[in-house]
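Down below is the structure, laid out as C-alpha cells.
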Protein chains: 2
Amino acid sequence: MKSSEAKKEFIEAWGNLGSSWGTNRTMSSIHALLMSSPEPLSTEEIMEALKISRGNANMNIRALIDWGLVRKRHIAGERKEYFEAGKDIWEIAKQISAERRKREINPVIDLLARLEKEEDGSDPEFSKLLKEMHNFTAQMSGFLDKFNRSDRNWFSRTLLKLLN
Amino acid sequence: MKSSEAKKEFIEAWGNLGSSWGTNRTMSSIHALLMSSPEPLSTEEIMEALKISRGNANMNIRALIDWGLVRKRHIAGERKEYFEAGKDIWEIAKQISAERRKREINPVIDLLARLEKEEDGSDPEFSKLLKEMHNFTAQMSGFLDKFNRSDRNWFSRTLLKLLN
DNA sequence: CATTTCTTTCAATAATTACTGAAAGTTTAA
DNA sequence: TTAAACTTTCAGTAATTATTGAAAGAAATG
C-alpha cells in the first residue's frame, strides 16, 4: 500500500475518532491531514484535499490553532498563510488533555465543589456521591496536570513501572 | 440549597458533560438521575422526571444497560421493571473506560497496526508518525486495561505515589 | 491609494442526530 | 385463552450541529 493511501485511511479514522469524542469530524480530519503532511499546507490545499469549503476550512483551522494543535507558518516569498501541526504524539496528547481539562473537567469540579458545599445534606447518599465524585474528579485532574507538566519520558517510565 | 435542587443541577451538568464527550445528553441525564436516586426508578418515573417520551427513555435505558452502567431490578409484588445505577464512582469510571477502550480505542490501534504493516514507507516521516502513534495508543490502552482490572484502591495509591 | 490577494464572517441551508408517539410485540395473571 | 400491563420498535418530525458561499474585511504590492 502506498503512503498516500495509508494517509487517506488515517485521515478518515482520525476524523471518526474526533466525531465520537465530541470534537467535530472536519477539525480532526484537518489535524490528521496536517500531521501527515511533510510540509505546511495552505487553506487552498486543505480545501482541495478534503473537499470542503473555504469557510469550513477557515473555521476549523482557527479552532485547531485555538486548541494549540496547529500553528501558522509564513513561507518566504509567499503571501498566503500556511499551517502545520506538531507531530510529536506526546505533545499532541498533552495538548489535548490540557485543553479538555481546562474546558470540560475543571468546570465540573467547580460545580461539584459548589453543590457539595451548598446542598443541605437531606439525602445522605447523595451527599456521599457528590463528595466521592468531587474527590475522584479532582484526583483525575491532578493526574492530568502532572501529565501535562511532565517531560516526554516521565509518562513512559511511569507506565512501565506501573505495568511492570 | 435542598438536595433536590442540587440533584437537578447535577443531572443537567452530567448531561452536558455527556454531550461534549460524544455520548448523548439524555443518556447521561438518565444516568445522573439514577445515580442520585436512593431507590430504583421505573420507566414512567424517568419519563416524568426528565420530561421525555417513552421511546426515548426506553432506548437510552437500553444503551445504559449495554454500557454496563445500569441494571434492571425487579421489585417484589411489582410488575414493571425498575432500574438502578451503580453508585461507586471508581466502578463507574472503570466501566466507562473499559467500554470506550473496547469501542473506540482498540479499533484505532488495529488500524494503526495494519497501516504500519501494509504501507510502503515511501514517506519516512509518515511511517514514523504511524509507528509512534501505534506505540502510544497501545501504551494507553495497556494503562486503561490495568486500571480496569485494578481494585478500588490501586489507582488511588498509585496516584498518590505519582503525585507525591 | 487603488488594486489584487488573501482571510474572516455569517445568514442561509444541508446534514446529522435525537425524540416522539402510536402501533406492534411481549409477558403475566386470572 | 384473553385481556390488561408493560416494553420495544420505528417512521416521521424536531432540534441540533456542521457546511457552504458570497460578501465584507485586511494586508500587501506597486
Side-chain angles (χ1 to χ4, degrees), chain A residues 11-12 14-34 39-67 69-84 103-104, chain B residues 11-12 14-34 39-67 69-84 103-104:
Chain A
I11 289 166
E12 195 188 324
W14 203 246
N16 289 339
L17 197 62
S19 82
S20 73
W21 282 80
T23 68
N24 83 34
R25 165 178 265 96
T26 302
M27 178 172 152
S28 310
S29 300
I30 295 175
H31 188 213
L33 174 65
L34 290 173
E39 301 93 28
L41 300 177
S42 67
T43 301
E44 299 282 346
E45 290 166 323
I46 292 168
M47 288 165 61
E48 163 64 19
L50 303 177
K51 311 282 185 244
I52 59 175
S53 71
R54 184 172 302 284
N56 196 10
N58 186 273
M59 284 188 11
N60 282 294
I61 291 167
R62 256 356 76 188
L64 283 163
I65 290 173
D66 208 49
W67 275 70
L69 294 168
V70 161
R71 58 184 166 283
K72 287 185 190 178
R73 276 285 304 274
H74 285 284
I75 292 196
E78 285 278 4
R79 194 149 153 195
K80 55 173 159 258
E81 290 177 336
Y82 283 76
F83 303 95
E84 77 180 353
R103 292 167 195 236
E104 292 141 9
Chain B
I11 289 166
E12 195 188 324
W14 203 247
N16 288 340
L17 196 63
S19 83
S20 74
W21 283 80
T23 68
N24 83 35
R25 166 179 265 95
T26 301
M27 179 172 151
S28 311
S29 299
I30 295 176
H31 189 213
L33 174 66
L34 290 174
E39 302 91 28
L41 300 177
S42 67
T43 301
E44 299 282 347
E45 290 166 325
I46 292 168
M47 287 165 62
E48 162 65 18
L50 303 177
K51 310 282 184 242
I52 58 176
S53 71
R54 186 172 300 285
N56 196 10
N58 185 274
M59 285 187 11
N60 283 295
I61 292 168
R62 255 359 74 191
L64 284 163
I65 290 174
D66 210 47
W67 274 69
L69 294 168
V70 161
R71 57 184 167 284
K72 287 186 191 177
R73 276 283 305 274
H74 284 285
I75 291 196
E78 286 276 7
R79 191 148 157 197
K80 53 173 161 264
E81 289 176 336
Y82 283 76
F83 303 96
E84 78 180 353
R103 293 166 194 237
E104 292 141 10

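Owing to the predicted nature of the structure, the values given are computational and were not obtained by experimental measurement. Order of the sequence lines fixes the chain letters, A, B, ..., with proteins taken first and strands second; residue numbering starts at 1 for each chain.
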Query raised in the report: Which heavy atom of B:G18 sits nearest a heavy atom of B:S28, and at what distance?
Result: CA-OG, 3.2 Å
Requested in this report: In sequence, state the C-alpha distance, the side-chain angles, and the governing distance for A:E81 and A:T43, and then conclude on side-chain contact (heavy atoms from CB on, under 4.5 Å).
Outcome: CA-CA 8 Å; A:E81 290 177 336; A:T43 301; 5.9 Å; no
Report summary line: A:M47 atom CE is separated from C:dC6 atom C1', nearest whole Å, by 12 Å
Requested in this report: Measure from the side chain of A:E81, starting at C-beta and using heavy atoms only, and say which of D:dT7, C:dC19, C:dT8 lies closest.
Outcome: C:dT8
Query raised in the report: So, is A:N58 close to the C:dT7 phosphate, meaning a side-chain N or O under 4.0 Å from OP1 or OP2?
Result: no
Requested in this report: Output the single nucleotide from C:dC6, C:dC10, C:dC19 whose closest atom is nearest the side chain of A:K80.
Outcome: C:dC6
Query raised in the report: When you look at CD of B:E12, are more than 12 heavy atoms from neighbouring residues, nucleotides or ligands closer to it than 6.0 Å?
Result: no
Query raised in the report: Over how many whole Å does the gap from A:I52 atom CD1 to C:dA14 atom C1' extend?
Result: 16 Å
Requested in this report: Return no unless some side-chain N or O of B:R62 is found under 4.0 Å from OP1 or OP2 of D:dT8.
Outcome: yes
Query raised in the report: Where the side chain of A:R79 is concerned, which of D:dT19, D:dA27, C:dC19 is the nearest nucleotide?
Result: D:dA27
Query raised in the report: Closest to the B:S53 side chain: C:dT20, C:dT7, C:dC10?
Result: C:dT20
Query - Integer-rounded Å distance: D:dC6 C1' and B:F83 CZ - result: 11 Å
Query raised in the report: Between A:T43 and A:S19, which has a closest nucleotide on DNA chain C that is more 5'?
Result: A:T43
Report summary line: Only residue of B:T26, B:L64, B:I61, B:T23 satisfying side-chain contact (heavy atoms from CB on, under 4.5 Å) with B:H31 is B:L64
Query raised in the report: For C:dT20, does either OP1 or OP2 sit under 4.0 Å from a side-chain N or O belonging to B:N56?
Result: yes
Query raised in the report: OP1 or OP2 of D:dT19 less than 4.0 angstrom from a side-chain nitrogen or oxygen of A:T26, does that happen here?
Result: yes
Report task. Provide, to the nearest angstrom, the distance between the CZ atom belonging to B:R73 and the P atom belonging to D:dT7. Result -> 15 Å
Requested in this report: Specify the separation, in whole Å, of atom CD1 of B:I30 and atom P of C:dA18.
Outcome: 13 Å
Query - Rounded distance (Å) that lies between atom P of C:dA18 and atom CE of B:M59 - result: 9 Å
**Report entry** Side-chain (A:N60) to main-chain (A:N56) donor-acceptor, under 3.5 angstrom
**Finding:** yes
Query raised in the report: To the nearest angstrom, how far is A:E48 atom CD from D:dT20 atom P?
Result: 13 Å
Query raised in the report: Do any side-chain nitrogens or oxygens of A:R25 fall under 4.0 Å of OP1 or OP2 in D:dA18?
Result: no
Query raised in the report: Could you give the CD1-to-P distance, from A:I46 to C:dT7, as a whole number of Å?
Result: 10 Å
